[in-house]
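Residues take their numbers from the sequence shown, with the count starting at 1.
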Amino acid sequence: MNRFMKIAYDEAVDGMLKNEGGPFGAVIVKDDRIISKAHNSVLVTNDPTAHAEINAIRKAAKVLGTFELDGCILYTSCKPCPMCLGAIFWARISTVYYGADEEDAARGGFDDKRFYEMIRGKNSDVKLIELDAKQNAKLFDMWLEKNDKKIY
């Protein structure tokens, strides 16, 4: 087993055995050095966003003192769910190695496969309804006029 994937695997086992969350672990590496590692902690935190990848990204950003993790590699025990994938995009992580896939997660009782289907417009029970678009679009005009903004 790849040494970094083994650490992600061990994180998943640790969190699962502690009943902190599901069987998911992640490691972020830069220049062959571990920056952060984490496991799913949804159950212990009551935070539905406390997935292993999100937790590892938050820790790595704190360690590196930046919200952009370009040059970092993410190893995760399972293919990232759409939420985690979004966080990976925002963090500018360009390489992700994953172990299990959404079929395995579904077999374990997790919704990853369903969420991927929802993104494709299937089986969605979420209603996205635009409301007060013109007023809220003005926020971007304000943003564009702001002289001290930091683009991210």
Side-chain angles (χ1 to χ4, degrees), residues 1-131 136 139-140 143 148-152:
M1 184 177 247
N2 173 281
R3 68 182 172 124
F4 296 125
M5 186 60 80
K6 175 72 165 104
I7 294 167
Y9 177 93
D10 290 344
E11 276 292 315
V13 171
D14 183 50
M16 181 176 48
L17 293 179
K18 290 178 180 175
N19 289 321
E20 292 184 357
F24 306 97
V27 177
I28 294 180
V29 175
K30 185 170 187 174
D31 300 326
D32 212 37
R33 182 175 66 96
I34 295 173
I35 305 301
S36 68
K37 60 183 181 174
H39 56 262
N40 182 295
S41 61
V42 168
L43 298 176
V44 72
T45 62
N46 290 318
D47 178 354
T49 69
H51 291 196
E53 298 91 337
I54 302 286
N55 290 341
I57 287 169
R58 288 175 177 156
K59 287 180 179 181
K62 187 177 253 188
V63 167
L64 296 175
T66 181
F67 54 84
E68 292 184 341
L69 303 180
D70 51 317
C72 290
I73 298 171
L74 173 67
Y75 294 82
T76 179
S77 62
C78 187
K79 183 177 181 180
C81 74
M83 176 187 68
C84 291
L85 198 54
I88 290 163
F89 293 156
W90 279 111
R92 308 300 193 241
I93 296 171
S94 60
T95 303
V96 176
Y97 293 98
Y98 67 89
D101 64 16
E102 64 267 31
E103 298 290 335
D104 297 310
R107 186 170 52 83
F110 295 91
D111 287 332
D112 300 43
K113 180 180 175 186
R114 179 169 176 254
F115 292 153
Y116 275 108
E117 289 173 354
M118 289 169 69
I119 288 171
R120 292 184 199 100
K122 301 176 184 175
N123 302 322
S124 180
D125 55 3
V126 175
K127 295 176 184 165
L128 292 174
I129 303 166
E130 188 175 59
L131 180 64
N136 285 287
L139 291 168
F140 293 97
W143 173 255
D148 62 345
K149 67 181 168 282
K150 184 171 182 175
I151 301 297
Y152 61 96

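- Rounding to the nearest 0.5 angstrom, the gap separating the CD atom in Glu102 from the CZ atom in Phe115 is 13.0 Å.
- Across all their heavy atoms, Ser77 and Ala8 have their closest contact at N-CB, 4.1 Å.
- By the 6.0 Å contact criterion, NZ on Lys113 is open, its count of non-hydrogen atoms from other residues, nucleotides or ligands being 12 or less.
- Judged by distance alone, with hydrogens and angles left aside, the side-chain atoms of Asn40 form a donor-acceptor pair with the main-chain N or O of Val42 at under 3.5 Å.
- Ring planes of His51 and Phe24: parallel class, angle under 30° (limits at 30 and 60°).
- Tyr9 approaches Met1 most closely through the heavy-atom pair CD1-CE, 4.0 Å.
- Put simply, the side chain of Thr76 does not reach to within 4.5 Å of the side chain of Cys84, judged on heavy atoms.
- Of all non-hydrogen atoms in Lys59 and Lys37, the two that sit nearest each other are NZ-O, 3.1 Å.
- A donor-acceptor pair under 3.5 Å is absent between the side-chain atoms of Asn55 and the main chain of Ala52, judged by distance alone.
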| message | Would Tyr75 and Val29 count as a side chain to side chain contact (heavy atoms under 4.5 Å, CB included) here? Give the steps. | response | CA-CA 8 Å; Tyr75 294 82; Val29 175; 3.9 Å; yes
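- Side-chain contact between Tyr152 and Trp90 is present, with at least one heavy-atom pair separated by less than 4.5 Å.
- Contact record, Glu53 with Pro80: OE2-CA, 3.6 Å, taken as the closest heavy-atom pair.
- Once rounded to the nearest 0.5 Å, the distance linking CG of Asp70 with CD1 of Ile93 reads 9.5 Å.
- Counting non-hydrogen atoms of neighbouring residues, nucleotides and ligands closer than 6.0 angstrom, the NZ atom of Lys149 exceeds 12 such neighbours.
- In this structure the side chain of Ile35 never reaches within 4.5 angstrom of the side chain of Leu69, judged on heavy atoms.
- Checking side-chain atoms of Thr95 against main-chain N and O of Ile73 turns up no donor-acceptor pair under 3.5 Å.
- When side chains are defined from C-beta on, Arg3 does not count as touching Ile7, because their heavy atoms never get closer than 4.5 Å.
- The shortest side-chain heavy-atom distance between Phe4 and Asp32 falls under the 4.5 Å cut-off.
- Taken to the nearest 0.5 Å, the CG atom of Asp31 stands 8.0 Å off from the SG atom of Cys72.
- A search for side chain to side chain donor-acceptor pair (under 3.5 Å) contacts involving Ser36 returns nothing, not counting sequence neighbours.
- The structure places SG of Cys81 at 11.0 Å from CZ of Phe110, a figure rounded to the nearest 0.5 Å.
- Annotation: Tyr97, atom OH; neighbour count of heavy atoms from other residues, nucleotides and ligands within 6.0 Å does not exceed 12.
- Heavy atoms only, all atoms of each residue included: Asn136 and Leu131 are closest at ND2-O, 3.8 Å.
- Arg58 contributes atom CZ, which lies 4.0 Å from atom OG1 of Thr49 (distance to the nearest 0.5 angstrom).
- A cation-pi geometry, defined here as NZ or CZ lying under 6.0 Å from the six-membered ring centre and within 45° of its normal, holds between Lys79 and Tyr116.
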